[in-house]
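We count ligands from 1, going down the list as the structure has it; atoms in each ligand are counted the same way.
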Amino acid sequence: MNIPRTSFPRIVIIGGGFAGVSLAKELSKQEVQVVLLDKNNYHTFQPLLYQVSTGGLEPDSIAYPIRKILKDFPNFHFRLANVEEINTLENKVLTDIGVLKFDYLVVASGAETNYFGNAEVKKNSMAMKTIPESLNLRSLILENFEEALLTSDLNERNALMNFVIVGGGPTGVELAGALAEIKKGILPKDYPDLDTRLAQIHIVQSSDCILKGMSDKASQKAEDFLEKLGVNIWKNVRVTNYDGKTVTTNTDLTFETATLVWAAGVKGATIKGLDAGGFVTNGQRLLVNEFNQVKGFDTIFAVGDIACMVTNECPNGLPMMAQPAIQQGKQLGENMVRLIEKKPMIPFVYKDKGVMATIGRNKAVVDLPKFKFQGVFAWYVWMFVHLFFLIGFRNRMVVFINWVYNYIRFDREARLIIRPYKRHLKK
Ligand SMILES: Cc1cc2nc3c(=O)[nH]c(=O)nc-3n(C[C@H](O)[C@H](O)[C@H](O)COP(=O)(O)OP(=O)(O)OC[C@H]3O[C@@H](n4cnc5c(N)ncnc54)[C@H](O)[C@@H]3O)c2cc1C
């Protein structure tokens with residue numbers, strides 16, 4: 001890989017997500033050479049992916065060029081590269097554009113969808129972890145309605161307008177709320193000759209409540225909001241298979257649907273060479289100590305979703321959310337400088353800033369460490385926080401204008417089938 005060697009130690013970061021970008025920014029003014037590798041040339045603001053899937057926002061408003069984030073920083077190099085392997089013995093990474101030696105390596109590769117080994121569900125369901133996946137889902141939703149208009153077979157029409165979301169976490173809840181709003185506000189206008197009351201939205205949740213990590217009040221209120229929007233919530237039901245037509249569960253319940261969205265779990269996006277050994281947990285995350293060093297290594301670190309940092313409060317590791325990723329990235333930047341200067345590193349302490357989810361227009365639930373609230377005010381707080389953490393002034397402006405427009409007009413302008421999604425349905 002064509003990167004000049006300097007007298008500064010070389011830190012290679014894999015991943016330009018929340019953790020990788022926060023770390024790179026922290027290191028930007030230090031006497032180190034930073035090489036950031038990502039398979040995309042943009043940073044994705046994942047919390048708003050569901051709005052792309054449902055036509056509320058254009059994809060470019062939640063993505064930001066990584067080169068632009070760090071354009072003014074000396075000693076910084078970005079390469080568009082897929083890291084295929086890590087050689088921990090020779091301190092080098094193997095990528096699709098060449099090999100790169102490192103002095104220090106930081107794995108910030110995030111997470112990927114976890115199908116828990118079910119290959120058929122993986123093949124037939126839709127995921128929503130990346131922008132291309134969200135665009136696929138957007139196309140599929142819209143194509144379903146176009147197809148529903150054409151068919152005279154009532155069962156087929158029902159299946160096309162039946163949406164099953166597996167997983168009642170924030171992603172599933174937010175997507176269900178947005179789909180319910182499309183059903184209410186947009187379908188009757190766009191498809192006047194279709195009986196849009198047939199459109200059904202289901203959430204299937206394996207445990208006895210939705211938004212499991214949040215307070216009981218937030219979970220109950222979110223359920224009330226969704227039920228008022230007409231979403232069906234099936235609790236204590238586990239999806240066992242989906243052949244592209246029928247969803248089966250561990251109960252008698254089945255669903256005929258053309259769209260199953262899998263929002264039921266994630267696992268660490270490990271990379272060959274650092275994907276097996278005592279330091280890899282059940283959720284495929286890399287066990288790290290309080291300095292984010294991967295167990296057994298002094299110069300290899302992991303931050304964000306891929307890192308499993310066990311604390312007294314979180315025995316299964318810190319939550320896979322944006323805040324731990326941002327905070328770890330920042331603190332590791334400081335610690336790496338200390339390490340290079342042979343000073344003692346400072347243990348990471350997670351500052352819990354709360355969790356929130358929106359269910360739709362004027363409806364959100366917010367659990368802050370000291371306050372918990374739901375409803376309209378929570379919705380404003382949700383919007384403010386998401387705008388604040390979006391990268392880029394233009395993106396903030398575009399998202400804000402879109403939201404105001406959508407709010408006033410009860411609309412979602414980006415309902416476009418730009419890149420049709422080809423699915424392999426069993427008819
Ligand atoms: C739909 C959705 C909604 C969410 N909503 C919320 C929310 O409301 N609040 C919240 O706090 N969190 C939310 N999260 C979780 C949050 O987005 C993650 O916790 C956060 O993105 C983790 O940051 P990260 O830097 O560890 O990983 P990521 O942000 O996932 O970044 C990983 C980066 O690594 C790159 N990469 C991976 N493998 C390789 C490789 N082999 N080679 C090169 N590059 C690679 C990827 O392209 C990516 O850019 C949501 C996640 C999703 C999917």
Side-chain angles (χ1 to χ4, degrees), residues 12-24 35-54 62-64 66 69 78-86 93-97 100 106-114 126-134 137 165 167 169-175 178 211 213-214 261-263 265-266 268-275 285-286 292 302-309 317-329 332 352-358 364-367 382 385-386 389-391:
V12 173
I13 305 172
I14 307 174
F18 286 104
V21 165
S22 147
L23 168 64
V35 184
L36 199 156
L37 307 171
D38 200 300
K39 55 187 167 189
N40 298 311
N41 77 338
Y42 55 84
H43 164 87
T44 305
F45 191 78
Q46 294 176 4
L48 292 178
L49 280 174
Y50 84 97
Q51 296 219 357
V52 171
S53 302
T54 51
I62 66 157
Y64 200 83
I66 295 175
I69 300 173
F78 172 74
R79 290 291 180 271
L80 182 62
N82 186 16
V83 179
E84 291 161 348
E85 195 175 335
I86 299 166
V93 290
L94 288 72
T95 79
D96 57 349
I97 59 160
L100 185 66
V106 183
V107 186
S109 51
E112 58 192 32
T113 306
N114 191 353
M126 305 299 290
M128 206 180 57
K129 194 83 185 74
T130 63
I131 287 182
E133 285 174 351
S134 295
L137 183 55
I165 299 163
T171 303
V173 164
E174 294 185 341
L175 181 65
L211 296 182
M214 295 187 73
V261 183
W262 189 259
V266 285
T270 47
I271 297 169
K272 192 176 160 198
L274 208 62
D275 58 344
R285 298 168 83 189
L286 304 177
N292 282 97
V303 275
D305 280 1
I306 183 76
C308 178
M309 189 185 281
L318 294 178
M320 294 163 93
M321 291 189 348
Q323 270 305 319
I326 294 169
Q327 293 177 26
Q328 283 183 343
L332 179 58
D352 183 0
K353 296 195 174 169
V355 191
M356 54 186 73
T358 178
V365 290
V366 174
D367 282 358
W382 179 93
V385 168
H386 282 72
F389 281 102
L390 251 182
I391 296 185

Over all atoms of both residues, closest heavy-atom pair of Val21 and Gly16: CG2-O, 3.4 Å
At their closest point, which heavy atom of Ala302 faces which heavy atom of Asn292, and how far apart are they? O-ND2, 2.8 Å
Need the list: ligand 1 N/O atoms against protein N/O atoms, distance under 3.5 Å, rounded to one decimal.
{"from": "ligand 1", "atom 1": "11 (O)", "to": "Ala322", "atom 2": "N", "distance (Å)": "2.9"}
{"from": "ligand 1", "atom 1": "12 (N)", "to": "Ala322", "atom 2": "N", "distance (Å)": "3.4"}
{"from": "ligand 1", "atom 1": "17 (O)", "to": "Gln46", "atom 2": "OE1", "distance (Å)": "3.0"}
{"from": "ligand 1", "atom 1": "19 (O)", "to": "Asp305", "atom 2": "OD1", "distance (Å)": "2.8"}
{"from": "ligand 1", "atom 1": "19 (O)", "to": "Asp305", "atom 2": "OD2", "distance (Å)": "3.2"}
{"from": "ligand 1", "atom 1": "19 (O)", "to": "Met320", "atom 2": "O", "distance (Å)": "3.3"}
{"from": "ligand 1", "atom 1": "19 (O)", "to": "Met321", "atom 2": "N", "distance (Å)": "3.2"}
{"from": "ligand 1", "atom 1": "19 (O)", "to": "Met321", "atom 2": "O", "distance (Å)": "3.4"}
{"from": "ligand 1", "atom 1": "21 (O)", "to": "Gln46", "atom 2": "OE1", "distance (Å)": "3.4"}
{"from": "ligand 1", "atom 1": "25 (O)", "to": "Phe18", "atom 2": "N", "distance (Å)": "3.0"}
{"from": "ligand 1", "atom 1": "25 (O)", "to": "Ala19", "atom 2": "N", "distance (Å)": "2.8"}
{"from": "ligand 1", "atom 1": "26 (O)", "to": "Asp305", "atom 2": "N", "distance (Å)": "2.9"}
{"from": "ligand 1", "atom 1": "30 (O)", "to": "Gln46", "atom 2": "NE2", "distance (Å)": "2.9"}
{"from": "ligand 1", "atom 1": "41 (N)", "to": "Asn82", "atom 2": "OD1", "distance (Å)": "3.3"}
{"from": "ligand 1", "atom 1": "41 (N)", "to": "Val83", "atom 2": "O", "distance (Å)": "3.1"}
{"from": "ligand 1", "atom 1": "42 (N)", "to": "Asn82", "atom 2": "OD1", "distance (Å)": "3.4"}
{"from": "ligand 1", "atom 1": "42 (N)", "to": "Val83", "atom 2": "N", "distance (Å)": "2.9"}
{"from": "ligand 1", "atom 1": "44 (N)", "to": "Lys39", "atom 2": "N", "distance (Å)": "3.2"}
{"from": "ligand 1", "atom 1": "47 (O)", "to": "Asp38", "atom 2": "OD1", "distance (Å)": "2.7"}
{"from": "ligand 1", "atom 1": "47 (O)", "to": "Asn40", "atom 2": "ND2", "distance (Å)": "3.4"}
{"from": "ligand 1", "atom 1": "49 (O)", "to": "Asp38", "atom 2": "OD1", "distance (Å)": "3.4"}
{"from": "ligand 1", "atom 1": "49 (O)", "to": "Asp38", "atom 2": "OD2", "distance (Å)": "2.6"}

To check you understand the geometry: which heavy-atom pair defines the closest contact between Trp382 and Leu48, and what is its length? CH2-CD2, 3.6 Å
Output all residues satisfying ring pair (Phe, Tyr, Trp, His ring centres under 6.0 Å) with Phe45, sequence neighbours left out; order by chain, then residue number. Phe18
Heavy atoms only: give me the nearest Ala108-Ile13 pair and the separation to one decimal. CB-CG2, 4.4 Å
Without swapping roles, check the side chain of Glu84 against the backbone of Leu94 for a donor-acceptor pair under 3.5 Å. no
